[in-house]
**Q** 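Got a structure here, written out as structure tokens. Questions coming.
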Amino acid sequence: MNKELQFYKGLARICYTGKIPAKVATAFFAENEGQQLTKEYAEELLRARFKELAPDRKALRRNKVEVFELIEETIDEVFPIRANAIFDRFVEFKTFNNGDKPLFKMPKGKGQVRRFIKRVALGVPFKRVRLDRTSQLMEFFAIGGACYIEWEHYLQSLYEFTDLCNVLIDELINAVYDEITDALNTAIDGTTFKKTHTETTDAFSVEGMLTLVSYAKSFGTGGAMIVGAPTMVARIKDADFLSDEDKTDMRERGYVGKFRGADVVVIEQTYDKDGTALFPEDALFVFPNGSRPEDRFIKVGYEGGTEVKDKENDDRSLTYEVYAKLGVMLGNADGIGCYKKYTE
């Protein structure tokens, strides 16, 4: 990768994370006559570069390779960052190069390891346990989508190539979200979870949730967290331990931030074109806190090398197609509980 493309790829990272490494800021200040590098200035430089490469249709045709390479490198740089920011607490997200084997480490027998020290009699062999883990190969599948831009709107600065990057990255995030949702819905309906609780009435069960939280805490190193859609986390109520802070949370966010020491994490709901909720609205998931990435229940793999292609339509608008490879699978369910809503 040439230095210029590397520079703009770095700008893209700054634009989407807002983080500027001290060395980068110092070097930029020295090389640009005292100009401070900020997130806003990075966005301005990136927009200016796209404008320079494609001020009109002829220039876009002439510089298409560089424009598309910049878009693709921006997506490959930013997509994993944004995906990690959203899913990091309960998902192991890994990026692979084209041709790499997408292997994920899977701990084995963790539940057995926890209880191998027991009272023994003299002369009796000690119980042994094997520390074991395996690796599982993820199967990637292709995902794709397209959006189009009216050329006149581009010339009028109503849309920019940075907008195109944002749209394509948003759709990749949604694709990951959809696949995670499908995997969790499949797990709810099956026998994946070793600890579950189903409400017997249309009311939140403090005792049922406490059982799942205690189970999760016994596997983690930093307590537990309860994850769910807004409508489900709003059901979490504990009248015996309702603090002023909980009341503030309910008033401002719609749900409590803590339940008996466990963090409550809301996953923003998304909907399909018919308005049907995608993330489960009939279940809460309880995960151990503080686990290593390889111990996390959900595995997501992304194969770098996103491809973007364009096509000119009869009305002179431009369609941009994005193609990428993705994989999602579920790991070891030790320590993970599922709380199910009451259904008649």
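The model shown is predicted, which means the values in this text are computed figures rather than measured ones.
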**Q** Do F29 and L37 come within less than 4.5 Å of each other through their side chains, counting heavy atoms only?
**A** no
**Q** In terms of hydrophobic clusters joined by side-chain contacts under 4.5 Å, are F204 and V265 together?
**A** no
**Q** Do NZ/NE/NH1/NH2 and the carboxylate oxygens of K341 and E199 come within less than 4.0 Å?
**A** no
**Q** Using the rule that Ile, Leu, Val, Met, Phe, Trp and Tyr join whenever any side-chain heavy atoms are under 4.5 Å apart, tell me whether L46 and L60 fall into a single cluster.
**A** yes
**Q** Does NZ or CZ of K94 fall inside the cone over F104's six-membered ring, less than 6.0 Å from its centre and within 45° of the axis?
**A** yes
**Q** For a 4.5 angstrom cut-off between non-hydrogen side-chain atoms, does F140 reach F96?
**A** yes
**Q** Please test L137 against M329 for side chain to side chain contact (heavy atoms under 4.5 Å, CB included), starting from the C-alpha separation and ending with a verdict.
**A** CA-CA 10 Å; L137 190 66; M329 64 184 181; over 6 Å; no
**Q** A quick test of your reading: do over 12 heavy atoms of other residues, nucleotides or ligands sit less than 6.0 Å from CD of E281?
**A** yes
**Q** Does T343 reach the side chain of D282, with side-chain heavy atoms less than 4.5 Å apart?
**A** no
**Q** Answer whether the closest heavy-atom distance between the side chains of V206 and F259 falls below 4.5 Å.
**A** yes
**Q** Check this for me: D314, atom CG, are more than 12 non-hydrogen atoms of other residues, nucleotides or ligands nearer than 6.0 Å?
**A** no
**Q** Got more than 12 heavy atoms from elsewhere within 6.0 Å of NZ, K195?
**A** no
**Q** Any carboxylate oxygen within less than 4.0 angstrom of a Lys/Arg side-chain nitrogen, looking at R82 and D170?
**A** yes
**Q** Establish, for the pair R47 and F50, whether the NZ or CZ atom is under 6.0 angstrom from the six-membered ring centre and no further than 45 degrees off its axis.
**A** no
**Q** Got K258 and D238 here, is their nearest side-chain heavy-atom distance under 4.5 Å?
**A** no
